[in-house]
Amino acid sequence: MSKTAASLAPAADPSRWKALVFIALAQLMVVLDATIVNIALPSAQTDLGISDGNRQWVITAYALAFGGLLLFGGRIADKWGRKNAFVVGLIGFALASALGGAANGEAMMLGARALQGAFGALLAPAALSLLAVMFTDAKERAKAFGIYGAIAGGGGAVGLILGGFLTEYLNWRWTFFVNIPFAIVAAVGAWMVIREPAGSRNRAPLDIPGVVLSTTGLVALVYGFTRAESAGWSNTLTVTMFVASALLLFAFVLVEAKVKSPLLPLRVLLERNRGGVYLSLGLAVISMFGLFLFLTYYLQVVKGFSPVKTGFAFLPMIAGMITGSTQIGARLMTRVPPRLLMGPGFLVAGLGMLLLTQLEVGSSYPALILPAQLLLGLGMGTAFMPAMSLATHGVNPADAGVASAMVNTSQQVGGAIGTALLNTIAASATTAYLTDHAAEAAAGGPAGQLIQAQAMVEGYSSAIWWAVGILVASSVIALTLINTGRPGVGGPVASGSGEDAELKVPVIAH
């Protein structure tokens with residue numbers, strides 16, 4: 001880093017490592033909440049009398065609020081202060097979780113889930129942007145984002161374990177109540193130790209048209225994919241949602257290009273490194289969300305695992321993610337360009353996914369699923385860590401919140417696409433297999449049950465092949481679009497232009 005850059009960089013916050021503990025705790029709570037409720041859903045549905053047609057709304061209400069409000073939440077964090085947004089987001093998430101745990105009917109449950117999503121949309125970008133503005137040294141930034149990346153990647157699998165344990169041994173309500181101590185500890189700790197750097201707030205007036213267009217456009221997009229999963233891709237409402245989303249988001253881009261103080265400055269998106277991160281990460285999440293779904297069903301339905309045993313079966317993936325993020329990604333991030341971690345990382349994950357295309361009804365967990373999960377975890381952990389750091393690198397500090405929100409948006413939209421797209425592919429392949437073996441399936445008894453199980457596994461295998469291709473595409477995009485050098489090496493600055501280039505804090509020099 002040059003002397004000029006060094007003089008511009010703010011002094012390191014002495015409480016930054018303590019702050020990281022509470023930021024990581026909050027991030028874990030938000031990420032595991034995305035999967036913990038899935039395990040509890042069947043029990044909650046029975047207790048609250050939620051119909052089969054409406055049960056998906058327990059998941060969808062959260063996804064729509066979270067995905068639709070992320071950009072708004074990120075800009076509020078920039079404008080109001082990231083510490084304030086972080087603490088309010090935690091308190092609100094805790095109250096919404098208490099409401100969900102105490103739900104006495106369908107309406108109360110769906111309202112609680114929507115509130116969780118709304119406060120999560122404030123909390124998640126505030127957490128990531130706090131890291132971006134507090135950790136300015138390249139090596140320290142690598143360690144901090146290594147921990148954050150491991151949690152972002154492995155938190156979903158932790159949710160499966162915790163959800164299985166709480167549902168099986170306590171009650172489904174505890175999958176909500178468990179958030180309350182997480183949130184209280186993180187909020188109190190954050191209020192006491194977090195100190196935001198001076199001059200990092202965005203004092204510009206709020207872009208109301210941008211808020212309306214981005215929120216409605218993202219809600220329509222996420223709902224379109226969610227509806228496609230249950231009603232089909234040619235369903236009139238599904239198609240209408242996709243068309244509406246395209247028009248709204250196109251209008252959003254036009255507005256952002258013209259207004260003086262945009263909600264999402266286009267320079268945040270158009271810088272090729274950040275754009276490459278958003279695109280490659282979003283694609284990778286498509287494959288991961290689909291895999292969580294298929295492996296959960298395979299282990300519980302085909303192999304007969306209990307919820308707790310299923311959760312523990314995901315431990316190798318968590319171990320791989322933590323190792324890849326903290327031991328490989330964090331150690332190499334200051335030594336090699338990010339694309340040489342992200343590209344190979346996605347390919348290693350793709351290799352693990354490739355092993356899972358060989359799934360059969362009688363497949364061995366130790367011989368096939370365990371090594372596949374280790375490769376998936378190592379690859380994703382290695383790729384996620386530099387991606388999380390690069391997504392907020394070189395951005396104007398006043399835009400750190402909205403840049404962070406774009407990371408979460410790409411993951412949220414990727415998750416919605418992954419669940420809908422891969423589930424549709426799997427269902428189609430399962431139906432085709434049952435059609436080809438209709439006589440054997442109709443026979444009933446053990447033979448018929450075996451055909452049913454084989455049809456399910458055939459569907460999973462077909463969808464996982466698509467996931468392999470998606471991970472290869474993620475790798476190609478990372479290697480092609482991301483061209484920044486390793487931290488600390490001089491070279492061309494690949495960031496925004498104009499105001500962005502002048503005001504940015506030189507977090508990492510290229």
Side-chain angles (χ1 to χ4, degrees), residues 12-36 73-74 77 82-83 85-91 93-94 97 119-137 139-159 161-162 178-196 281 317-331 333 377 380-392 400-401 404-405 407-408 411 507:
D13 185 340
S15 301
R16 60 195 179 280
W17 291 109
K18 292 178 184 176
L20 176 61
V21 173
F22 302 113
I23 292 170
L25 186 64
Q27 175 65 12
L28 177 62
M29 181 187 71
V30 171
V31 174
L32 68 81
D33 195 76
T35 53
I36 193 171
R82 295 167 194 91
K83 175 181 175 178
F86 184 71
V87 172
V88 169
L90 282 166
I91 294 170
F93 201 91
S97 298
F119 282 108
L122 181 64
L123 174 59
L128 182 56
S129 58
L130 277 170
L131 286 189
V133 299
M134 292 179 74
F135 288 89
T136 55
D137 176 77
K139 289 185 178 180
E140 288 193 349
R141 186 179 174 91
K143 291 177 184 176
F145 276 90
I147 295 167
Y148 187 90
I151 291 170
V158 173
I161 296 174
L162 192 57
V178 73
N179 291 327
I180 298 171
F182 275 94
I184 291 173
V185 171
V188 172
W191 187 257
M192 293 175 65
V193 305
I194 289 178
R195 302 286 183 273
E196 273 190 79
L281 202 58
M317 190 185 299
I318 300 174
M321 283 182 173
I322 292 172
T323 303
S325 189
T326 62
Q327 301 304 309
I328 300 175
R331 289 177 184 273
M333 185 178 149
M380 284 297 195
T382 300
F384 266 53
M385 202 286 303
M388 290 292 180
S389 177
L390 194 59
T392 53
S404 303
V407 183
N408 289 283
Q411 290 179 288
V507 179

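Treat the numbers as computed from the prediction; the structure is a model and nothing was measured.
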Exercise. What heavy-atom pair brings G120 and P125 nearest, and what distance separates the two atoms?
Worked result: O-CD, 4.1 Å
Seminar exercise, completed: Between A387 and L281 the two heavy atoms that sit nearest each other are CB-CD1, 4.1 Å
For this session: Taking side chain to side chain contact (heavy atoms under 4.5 Å, CB included) as the test, write out the residues that go with V188, two or more places apart.
Result: I184, M192
Exercise. Which heavy atom of A126 sits nearest a heavy atom of A85, and at what distance?
Worked result: CB-CB, 4.1 Å
Problem set entry | Nearest heavy atoms of M29 and F93, plus distance in Å | CE-CD2, 3.4 Å
For this session: With sequence neighbours left out, write down each residue that passes side chain to side chain contact (heavy atoms under 4.5 Å, CB included) with I328, or none if nothing qualifies.
Result: L332, L378, T382
Exercise. In this structure, are over 12 heavy atoms from other groups packed under 6.0 Å from K18 atom NZ?
Worked result: no
Exercise. A127: what forms a side chain to side chain contact (heavy atoms under 4.5 Å, CB included) with it, not counting sequence neighbours?
Worked result: I23, F86
Problem set entry | F119 side chain near L90 side chain, heavy-atom distance below 4.5 Å | no
